[in-house]
Structure formats: C-alpha cells, structure tokens
Amino acid sequence: MADKIRPVRGMNDVLPDETPAWQHLEKEARRVLEGYGYAEVRFPHLERLELFARSIGEDTDIVEKEMYTFEDTGGDTLALRPEGTAGCVRAGITAGLFRGQTHRLYYIGPMFRHERPQKGRYRQFHQVGVEAFGAETADMDVEQILMARRLLSDLGVGGLNLQLNSLGKPEDRRAYRAVLIDFLEARQDQLCDTCRQRIPRNPMRVLDCKVEGCQAVVRDAPAISDHLGEVSQAHFDRVRNLLDAAGVPYEHNPRLVRGLDYYTDTVFEWTSDQLGAQATVVAGGRYDGLVTEIGGPSTPAVGFALGIERLLALMDDERIPGKAPDAFLAPLGTGVEASALALAENLRDRGLRVWYNCGGGSLKSQLKKADRSGAPVSLVIGEQEMADGTVLIRDLVTGDQQSVARGEAAEIVRTRIG
Ligand code: HAM
C-alpha cells in the first residue's frame with residue numbers, strides 16, 4: 001500500500017455523522033437572518049493580500065503571522081480569507097452597492113488562519129457572518145444583537161454572556177492611545193514579551209492579553225470608554241438604552257478591544273464558560289470607516305460573525321432532525337433487482353424517501369441495515385413476491401408484516417409515517 005497522505009494540521013473533515021448538525025445550523029441561520037431581511041452573498045475565498053492588510057490592520061496578529069499567502073503564477077500576491085468582512089465590503093464596492101441605501105448581507109463559509117490549533121481553534125474554521133451597510137444609528141447595532149440572540153436561542157444554546165464596549169472614533173482612539181502607552185510604558189517590566197512589543201504598535205491589544213501578569217496590569221489601565229467623544233458617547237448610550245429596553249442583559253467590558261483594527265464605536269462578543277480558552281462564539285461591531293478605507297464611498301456599517309465549530313460544541317444533539325428514510329427496500333435473492341429498483345423509483349416519484357439496499361445479503365443482514373437506517377418500515381421483494389407481483393411490508397417497530405400489491409405500497413408507507 002502507498003503511504004497515507006496526512007491532512008493539513010488544524011483542518012478538519014466533516015464526516016456524515018456530523019453533517020446533520022452543520023446543515024441544521026446553516027438552515028436555521030438562513031431562516032433567522034433572512035427573516036430580518038438579510039440576503040446571502042458569496043465572494044471568493046482568495047483575495048489580494050493587500051485587502052486584508054489594509055482592512056484588518058498591518059499590526060494585528062492575523063495579518064502579521066496568521067495568513068496563508070502565496071504568489072500565483074501571474075505574480076499577484078493573494079491570501080486565503082482569514083475573515084469575511086473585508087471580502088464582503090470589497091464585493092459590495094466592486095458591485096457598486098454602496099450608494100446610500102441600506103444593505104443587509106450574510107455569508108456562510110470557511111475562513112483560514114495559521115493559528116496554533118487547539119480545541120475550538122482551527123486553521124480552517126467556518127463562520128456565519130452578517131454585515132449591514134448604510135445605517136449609522138444605534139438601532140442597527142441593537143437589531144443585530146437581537147438577531148444573534150434569536151439565532152442562538154433557536155439553536156437551543158443558552159447561558160452565553162454578552163460583553164459590550166465602545167472603541168469610539170479614530171480620533172478618540174488616537175488620544176486614548178497616547179494615554180494608554182504612557183500607562184503601559186511605566187509598567188513594562190510587569191508585561192509579557194509579546195505585550196512589551198505591542199506597546200508602540202498596537203497598545204490596545206495588551207488589554208485583552210490572557211497572561212495573568214498582563215491582566216493584573218491592565219485591570220487599572222485607563223478605559224477607552226472614558227475617552228469617547230460626544231458623538232460616540234451618545235451612540236454608546238443609545239445602544240445601551242435600546243438593549244435595556246429590549247431586556248437584553250450585557251456586561252460593559254472596558255477591556256474588550258477585538259483583534260481587528262477596523263472597528264469604531266460599538267464592539268460586542270458572546271462568550272460561553274463551557275468552551276475553555278476559546279470562549280467567544282459570536283463577535284463583531286461597527287466599522288464606519290472601512291468602506292472608505294478600501295476605496296468605496298463613505299458608508300456606515302456594522303456586523304458580526306459566529307464561529308460554527310464553537311457553536312456546534314454547545315448545541316444539543318436532541319434538536320437536530322434525523323435523516324432516516326421513510327422506507328428501506330430489501331431485494332432478496334437473484335433476479336429481483338429490476339422489479340425492486342422500479343418499485344423504489346415509483347415510491348420516490350410519490351415523494352417518499354426510500355433507501356435501497358445495494359449489494360444483496362441475507363434477509364437477516366438486510367433487516368439489520370433497515371433497523372440501523374431508522375426507517376419505520378422495510379419493504380422486501382423476494383422470489384415469492386416476484387412471482388405474485390406483491391411486496392412484503394414489515395413494520396420495524398412492531399415486527400408485524402403484510403403482503404400487499406405493489407401499487408398499494410406507497411399509501412401504506414404514507415399511513416405508517418403519518
Ligand atoms: P473574529 O472575532 O476574528 O471576527 O471571529 C469571529 C468568530 O469566529 C470568533 O468569535 C470565533 O467564534 C470564530 N473563530 C475565529 N477564529 C477561529 C479559529 N481559529 N477557529 C475556530 N473559530 C474561530 C471576525 O472574523 C469579524 N469578521 C467579525 C465581524 C463581522 N465584524 C464585523 N463584521
């Protein structure tokens with residue numbers, strides 16, 4: 001035998017026993033998001049590297065060290081998308097969508113980051129992402145939070161904590177950055193190596209470092225929410241008031257900064273205490289400057305992405321609909337296949353889900369397979385049934401069986417499945 005080819009580390013196959021949960025999640029996501037007026041967009045998994053560098057930020061972990069980049073044979077430097085917002089905005093600009101109207105868009109698909117794989121953190125992972133363009137008012141931020149809450153609840157996932165913060169406008173952040181750098185520089189010796197390096201380039205990232213020493217330092221750090229300009233303060237107050245009015249509990253976390261540079265004003269994350277270190281299931285916020293940053297007309301925007309693998313880890317299998325067929329057809333003996341295949345097709349023409357056992361086998365082994373399929377009934381065509389044009393219908397729960405004309409089989413199966 002030839003050597004096995006190993007899969008790429010951190011990239012997983014989704015096998016048939018797992019796909020029902022994925023499909024259920026995706027179906028529910030489409031139903032809920034479309035119910036709020038979101039329409040699906042699909043854009044390439046590959047984009048020019050520059051798109052991500054400019055939007056996510058040169059000094060972020062993602063752009064600095066986590067992207068899969070390569071030069072194609074035409075000499076263009078491309079990258080596998082590490083997230084969806086940049087590509088979604090690029091697609092909207094390319095299509096000339098941003099002309100003042102509101103657009104609510106969503107996408108579902110894989111993202112790629114060269115992170116250290118661990119539970120809940122993969123190199124190919126999947127997101128349901130939503131992006132709303134054209135509304136600068138707080139109702140759009142809050143509608144998205146309500147929508148995420150509804151999706152989580154419809155998927156049976158409870159017990160998540162919503163954290164909220166405001167990062168203000170770029171000018172608020174510039175002023176805050178200077179204050180924060182002063183604070184951190186005075187305590188350099190208590191910070192980890194990575195954070196020490198972050199101080200001049202991206203000091204806000206120090207605020208969400210997980211190292212204990214760093215956390216102790218930032219506990220007393222100045223908070224961005226104390227440095228918001230008037231407009232941002234009013235926006236944040238409005239978001240909080242609307243959340244209160246809608247009865248959505250949240251925690252204002254002044255250290256919530258997010259790992260991507262494009263955010264302005266509102267940022268939020270839903271975390272679970274059942275996921276260990278990779279606790280964030282849904283994350284997002286407002287990014288009013290991004291469309292212009294990548295060459296489009298000034299357009300306010302807000303969005304979030306939900307990590308599918310992390311959400312699946314929290315979902316209750318009981319809610320996932322089964323895939324069992326309505327009937328399992330067992331051809332028994334030689335020379336019966338043509339009639340058995342014809343009966344299976346006839347039942348499918350009438351809208352029934354029929355699994356046909358290819359490959360033969362004894363009655364016992366075929367009934368075992370029928371049981372495993374979850375079908376309520378098994379249909380058997382053997383030599384006797386061939387001779388008299390009938391089919392044997394066996395109830396797999398009670399064990400009762402009856403021989404009927406093939407033309408009646410569909411009706412009987414239908415009655416049995418209710
Ligand atoms: P993000 O926080 O980088 O934001 O990712 C969003 C979610 O994707 C995370 O909360 C997590 O559930 C999941 N996720 C991220 N990285 C991994 C990984 N390596 N393995 C498994 N799951 C992961 C964004 O991507 C933004 N584009 C969200 C957004 C949309 N903001 C505005 N619009």
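For ligands, and for the atoms within them, numbers begin at 1 and follow the listed sequence.
- Within 6.0 Å of NZ in Lys323 there are more than 12 heavy atoms belonging to other residues, nucleotides or ligands.
- Nearest protein neighbour of atom 20 (N) of ligand 1, counting heavy atoms only, is Tyr122 N, 3.0 Å.
- Scanning the protein for heavy atoms near atom 12 (O) of ligand 1, the closest one is Thr280 O, 2.9 Å.
- With hydrogens left out, the protein atom closest to atom 13 (C) of ligand 1 is Gly307 CA, 3.7 Å, a heavy atom.
- If you look at Val281 next to ligand 1, the close heavy atoms, those under 4.0 Å, all belong to the backbone.
- Close contacts of ligand 1 with Glu115, meaning ligand atoms under 4.0 Å from a residue heavy atom, involve 16 (N), 18 (C), 19 (N).
- With a 4.0 Å cut-off on non-hydrogen atoms, Phe304 touches ligand 1 through its backbone and not its side chain.
- At least one heavy atom of Gly120 sits less than 4.0 Å from an atom of ligand 1.
- When each atom of ligand 1 is checked for a heavy atom of Glu83 under 4.0 Å away, the hits are 25 (O), 26 (C), 27 (N).
- Below 30°, between 30° and 60°, or above 60°: for Phe236 and His252 the angle between ring planes is above 60°, a perpendicular geometry.
- Distance from atom 3 (O) of ligand 1 to its nearest protein heavy atom, with residue and atom name: Arg113 NH2, 2.8 Å.
- The shortest contact between atom 33 (N) of ligand 1 and any protein heavy atom is with Glu131 OE1, 2.7 Å.
- Which parts of ligand 1 touch Tyr262 is read off a 4.0 Å heavy-atom cut-off, strictly below it: atoms 26 (C), 27 (N), 31 (N).
- Of the N or O atoms in Glu309, none lie within a sub-3.5 Å distance of an N or O in ligand 1.
- Judged by distance alone, with hydrogens and angles left aside, the side-chain atoms of Arg310 form no donor-acceptor pair with the main-chain N or O of Val281 at under 3.5 Å.
- Ranking protein heavy atoms by distance to atom 30 (C) of ligand 1, first place goes to Thr85 OG1, 3.0 Å.
- Between Ser55 and Glu293, the side chains place no donor N or O within less than 3.5 Å of an acceptor N or O (distance only, hydrogens not considered).
- Tyr262 and Thr85 form a side-chain donor-acceptor contact under 3.5 Å, judged by distance and modelled atom types alone.
- Of the heavy atoms in Gln127, only side-chain atoms (C-beta onward) come closer than 4.0 Å to ligand 1.
- Using the six-membered ring where Trp is involved, Phe133 and Tyr287 have ring planes that are perpendicular, over 60° apart on the 30 and 60° scheme.
- For the residue pair Glu83 / Gln127, no side-chain donor-acceptor distance below 3.5 Å is found, with atom types taken as modelled.
- Considering only heavy atoms from C-beta on, Phe125 stays 4.5 Å or farther from Ile308 through its side chain.
- Glu309 is listed as a side-chain neighbour of Trp22, based on a closest heavy-atom distance under 4.5 Å.
- Shortest contact from atom 14 (N) of ligand 1 to any protein heavy atom: Phe125 CE1, 3.5 Å.
- Of the heavy atoms in Arg258, only side-chain atoms (C-beta onward) come closer than 4.0 Å to ligand 1.
- Within the structure, the closest approach of Leu260 to ligand 1 falls below 4.0 Å when heavy atoms are considered.
- Among protein heavy atoms, the minimum distance from atom 31 (N) of ligand 1 is reached at Tyr263 OH, 2.6 Å.
- Side-chain contact, Gln144 with Tyr38: a donor N or O sits under 3.5 Å from an acceptor N or O.
- Other residues, nucleotides and ligands contribute only 12 or fewer heavy atoms inside 6.0 Å of the CD atom of Glu50.
- Side-chain contact check for Asp237 and Gln233: at least one donor-acceptor pair (N or O, by modelled atom type) lies under 3.5 Å.
- Contacts with ligand 1 closer than 4.0 Å are made by heavy atoms of both the backbone and the side chain of Arg121.
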